[in-house]
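In what follows, every chain begins at residue 1, and chains take the letters A, B, ... in the order their sequences are listed. The figures that follow rest on heavy atoms only: side chains count, while hydrogens, waters and symmetry mates do not.
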Amino acid sequence: MTDGAHPHDPSPRDALTHDAQAREAATREAATREAATHDAATYDAATHDAATHDAATYDVVAVQDKWLPVWDEMAPFRSGEQGDDRPKRYILDMFPYPSGDLHMGHAEAYALGDVVARYGVQQGFDVMHPIGWDSFGLPAENAAIARGVDPRTWTYENIAVQRESMRRYACSFDWDRVLHTSDPEYYRWNQWLFLLLFERGLAYRKPSLVNWCPHDQTVLANEQVVGGLCERCDTPVTKKKLTQWYFKITDYADRLLDDMAQLEGQWPQKVLTMQRNWIGRSVGADVTFVIEGRDKPVTVYTTRPDTLYGATFFVVAADSDLAAELAAGGPAQAEFTTYVEKVRGESDIDRLSSDRDKTGVFLHRYAVNPVNGQRLQIWAADYVLADYGHGAIMAVPAHDQRDLDFARTFGLPVVTVVDTGAEDPATSGVATTGDGAMVNSGSLDGLGKAAAIERITGDLEDRGLGRAAVNYRLRDWLISRQRYWGTPIPIIHCPACGEVAVPAEQLPVELPPAEGLDLRPKGSSPLGAAEDWVNVACPRCGGAARRDTDTMDTFVDSSWYFLRFVSPRRDDVAFDRALVDQWLPVEQYVGGVTHAILHLLYARFVTKVLHDLGLVGFTEPFRRLLNQGMVIMGGSAMSKSRGNVVRLSDELAIHGVDAVRLTMVFAGPPEDDVDWADLSAHGSARFLARAWRLSGDVDSPPGADVTAGDPVLRKATHRALDEVGRAVETFRFNVAVARVMELVNAARKAIDSGCGPADPAVREAAETVAVMLSLFAPFTAEEMWSRLGHQPCVARAGWPAVDPTLLVQDSVTAVVQVAGKVRAKLTVSPSIGEDELRELALASDGVLRALDGRAVRTVIVRAPRLVNVVPG
RNA sequence: GCGGGAGUGGCGGAAUGGAAGACGCGCUGGCUUUAGGUGCCAGUGCCUUCGGGCGUGCGGGUUCAAGUCCCGCCUCCCGCACCA
């Protein structure tokens, strides 16, 4: 396994050697023939074998095989070494799940991350670009169940395969920092983190409704519910009430929201918006209603306290405790029970269907409107959610569509209290939510919305009946899973002492061997059956107690892994504070938009908790975020059922690593989806061979003085350096590649029909191409560098300094327009004066012809680029 | 429904308010050479009476000048979706 041979991934070399001998003669013959002319080089990865590579033949496979061991030896991307005084920069790619070999999506993501990391190195930074594996979790466990093997075996075998693939893909990772979240050395600190939160009341247990698959008899994570169906068996998912562990992320809702100001412009707008919506802060008021026949009043939350006079009924969430209590013993008891059962059994699919009919049960109880004493019928309905606000609402049908739909279904009264000028909701069926003058609202009459809200909120507060309030859509983070392959929750349940933390010196609580355990999902954790493991003495009283048998959501593992990378081998602390201070926050985070909410929100939350405990000195973990798009094929996501899966290993075998990487980077803006069908890895390969050929054509010694070199080519070289640098810094990688291509074309032209191969400017251009290509096509770059007479690694060669004097043009083209249309082009000095340019323009043939005798009204001059002549 | 983003050649895509289509793919022709591929050169938005005209989803507007800015639509993609 360690050498990368894997049943899923036949090595490209193997595929090639079969017919190698048969091709050898033909290849050698062709090579001899081609060597006769300087430009007849070939590039054909699929039909080459290493034995016959020739000076004029770019043998991709041979080049890959040549440099990998050299790089292994040199470890050019090792970071944070003693005495390294380069400034530090932390570039992070989201770490993978070890599910099978790397696929096209990984190929894109890691190619992009590599551009950023390698550019940092060339710019002289000590770049930390670590990698690890998010190796706990359901994919491994399910695969292990399906194959009847230990999840450990499956996981670590896959890691070995992926690791070797990353090596061959020439990812610029610091291999000394590798971590796996399923190692006890890692998850020990997961448990430490859990206890940190537990001791501060930020980790707690509560009963709540969770996703439940009736077929598999298991709790499902939100991510496992796809379109309302269980992702594995396609059974409609329902809800079940279970006691689960939560992290109190809601305590941080405001800060998660407010701190986004730091990320504005640095993170994709889309992600910030998604997080904002997910947190969903809304501002309104709590209002207290007396319930007839109940001692304690009930509070509701509303964003429209101004419409209080329009409340005509009252609704409680059908599945809430309050509803059950209000129904108990009443005339609607039986009807209510039936209704709740129906609601509970309802699948998400039903709940998701839009414009479904409103349902509910009148409980024959009444609430009293605090402002006018009106008796309001209390209904139980499923359109009110138990876990938002207070699980009960005042219904204002005139000004809320949902309430109006409900009122019309059950014939409840509609009272308009805001005159918006629109048709009466009672007759139109359309609730009016806009602004307008208050009516039927006592002292509020005549006020506008904002004023009315302020007035009524103040009044309610004065009378002790309510107050301004804020609510969030964000719910606490459910972190427990009834599964085997995860971090055991370090809690011991003692009949006498309750929930007791496992003492720090007893960490890690290691996962018991899977052998003998039934891992199949059954609604409770498989760990419950590991009797020797479960039964322990209570750390507090010494009495018989049981371990918590749940494991943690893997999002806990990934919520802090970026901290572990600074000191992955430390066994006394989760992370070295001094090193964290040196390296973090992460300068650039690269990963898929799939994690726009969950992972990124959790990581932000945990960072803030650690900050509050004085363990880190910052509040946001990731300064900049780049979300790459997906790799699709023929217009849709790759899937086996569609039969459009492109195998990365196949593409690498056909085109070579560099060509695949370059294709990914050149395809378009990194955040856009790339359709592999629209792209040409073959074209990329052709370009790389063209670039490589330059290095063989150069006919001047290394270190030749370039100052006397061809100024035209030198200018092209320095312009490329300048523009590629800026394009990379702004993530316009596709443009950066285009600029490198332009330089290659310019150098080709200089060699063939310009200054010739002996001019040192050609060497300068070729060397610059090699350095720039080291970001995108490391093998080709290294090979060029070597052929140009340099020692490896080109990746550490350093970005050449741009000579600003070479960015200045000798002459520029001035565009001359008449009435905005281009009529002439003048070649002028870049320092031409406005008056001189105006003269030249007015005297040009194109202008005279276009004016055709007409008078000139105005002349706009923007020297040296543009003149616009406006006729009278 | 709410929120976000995007509409540019045959295709992927370029373009600080100042030459629309960089770079590449594909295609056409030529040269070299050949079994084929590779390589090199030229061309390639549409129309044209060869002067030029028209072109960045549609309709307006601002400006000497709009793919770019403003207003109103249309279409597509993504996210959230009974959150009171």
*With distance as the sole criterion, is a donor-acceptor pair present between the side chains of A/T250 and A/D476 under 3.5 Å?*
yes

*Inspect the contact between A/R838 and A/D835 and indicate whether a charged nitrogen and a carboxylate oxygen are less than 4.0 angstrom apart.*
yes

*Classify the glycosidic conformation of B/G9 as syn or anti, calling it syn when the angle lies within 90° of 0.*
syn

*Nucleotide forming a Watson-Crick or wobble pair with B/G51, both distances under 3.5 Å*: none

*Let me see the working for A/F313 and A/W379 under ring pair (Phe, Tyr, Trp, His ring centres under 6.0 Å), right down to the final yes or no.*
CA-CA 8 Å; A/F313 57 101; A/W379 288 67; 7.4 Å; no

_Side chains of A/P370 and A/V287, heavy atoms from C-beta outward: is any pair under 4.5 Å?_
yes

*Think A/Y383 has a side-chain N or O under 4.0 angstrom from the OP1 or OP2 of B/A84?*
no

*Classify the side-chain pair A/S811/A/T827 by whether it contains a donor and acceptor separated by less than 3.5 Å.*
no

*Which listed nucleotide (B/G4, B/A84, B/G13) is nearest to the side chain of A/P669?*
B/G13

*In the strands shown, is B/U44 matched to any nucleotide by a Watson-Crick or G-U wobble pair with both distances under 3.5 Å, and which?*
B/G26

*asked:* What contact category does A/K749 fall into here, base, sugar-phosphate, or nothing, at under 4.0 angstrom with non-hydrogen atoms?
replied: nothing

*For A/A819 and for A/V822, locate the closest nucleotide of RNA chain B by heavy-atom distance; then report the residue assigned to the nucleotide nearer the 5' terminus.*
A/V822

*Please determine if a side-chain N or O atom of A/R276 lies less than 4.0 Å away from the OP1 or OP2 oxygen of B/C80.*
no

*Quick one: look up who B/U34 pairs with, Watson-Crick or G-U, both distances under 3.5 Å, and put none if it's unpaired.*
none

*Do NZ/NE/NH1/NH2 and the carboxylate oxygens of A/E742 and A/R739 come within less than 4.0 Å?*
yes

*Given the C1' atoms of B/U33 and B/G39, what is the spacing between them in whole Å?*
9 Å

*Look at all strands and tell whether A/V815 reaches a base, only sugar-phosphate, or nothing, counting heavy atoms closer than 4.0 Å.*
base

_Whole angstrom value for the distance that separates P of B/A84 from CG of A/D387_ = 13 Å

*Between P of B/C78 and CG of A/L272, the distance in whole Å*: 21 Å

*Could you work out which one of B/G5, B/A84, B/A15 sits closest to the side chain of A/T302?*
B/A84

*Between B/G39 atom P and A/D752 atom CG, what is the distance in whole Å?*
13 Å

*Determine whether more than 12 heavy atoms belonging to other residues, nucleotides or ligands lie under 6.0 Å from atom CZ of A/R865.*
no

*Let me know the distance between CZ of A/R281 and P of B/C2, rounded to the nearest Å.*
22 Å

*asked:* Can you tell me the base-pairing partner of B/G18? Count Watson-Crick or G-U wobble geometry only, both distances below 3.5 Å, and say none if there is no partner.
replied: B/C64

*Atom-to-atom span, NZ of A/K270 to P of B/C2 - whole angstrom*: 19 Å

*What interatomic distance, in whole Å, is found between C1' of B/G51 and the corresponding atom of B/G36?*
48 Å

*Sugar-phosphate atoms are those with a prime plus P, OP1 and OP2; base atoms are the rest. Using that split, label each nucleotide of nucleotides 23-29 of chain B B, S or - for protein heavy atoms under 4.0 Å, 5' to 3'.*
BSSS---

_Lys/Arg N to Asp/Glu carboxylate O, A/D845 vs A/R849, below 4.0 Å_ = no

*asked:* Need one value for A/Q817: base, sugar-phosphate or nothing, where a base atom within 4.0 Å counts as base even if backbone is also close, heavy atoms only.
replied: base

_Mind checking if A/R849 touches a base, just sugar-phosphate, or nothing, with heavy atoms under 4.0 Å?_
sugar-phosphate

*Sort out the partner of B/C73 for me: Watson-Crick or G-U wobble, both distances under 3.5 Å, none otherwise.*
B/G57

_Rounded to whole Å, how long is the line connecting atom CG of A/N868 with atom P of B/A66?_
9 Å

*If we call it a pair only when both distances are under 3.5 Å in a Watson-Crick or G-U wobble match, what pairs with B/C2?*
B/G79

*Touch check for A/T813, heavy atoms < 4.0 angstrom, all strands: base, sugar-phosphate only, or nothing?*
base

*For the side chain of A/R865 and the base of B/G18, is some donor closer than 3.5 Å to an acceptor across the two?*
no

*Quote, to the nearest angstrom, the C1' distance that separates B/C76 from B/C69.*
24 Å

_Shortest side-chain distance from A/R473, nucleotide among B/C80, B/A14, B/G39_ = B/C80

*Charged N to carboxylate O under 4.0 angstrom, A/R304 versus A/D400?*
no

*If the glycosidic angle is within 90 degrees of 0 it's syn, otherwise anti, so just tell me which one B/G51 is.*
syn

_Rounded distance (Å) that lies between atom P of B/G5 and atom CE of A/M274_ = 13 Å

*If we take the P atom in both B/G67 and B/A20, what is their distance in whole Å?*
9 Å

*Starting at the 5' end of RNA chain B and moving along, which residue's nearest nucleotide shows up first, A/N734 or A/L474?*
A/N734

*Could you give the CD1-to-P distance, from A/I751 to B/C41, as a whole number of Å?*
12 Å

_Between B/G57 and B/G53, how far apart are the two C1' atoms, rounded to whole Å?_
22 Å

*asked:* Suppose you measure atom P in B/A6 against the same atom in B/A14; what distance do you get, rounded to whole Å?
replied: 12 Å

*asked:* Can you check the distance between B/C46 and B/U56, where both ends of the measurement are the P atom (answer in whole Å)?
replied: 15 Å

*Taking atom C1' in both B/C70 and B/U62, compute the distance separating them and give it to the nearest angstrom.*
7 Å

*Hey, does the Lys NZ or Arg CZ of A/K358 hover above the aromatic six-ring of A/Y383, less than 6.0 Å from the centre and inside 45° of the axis?*
yes

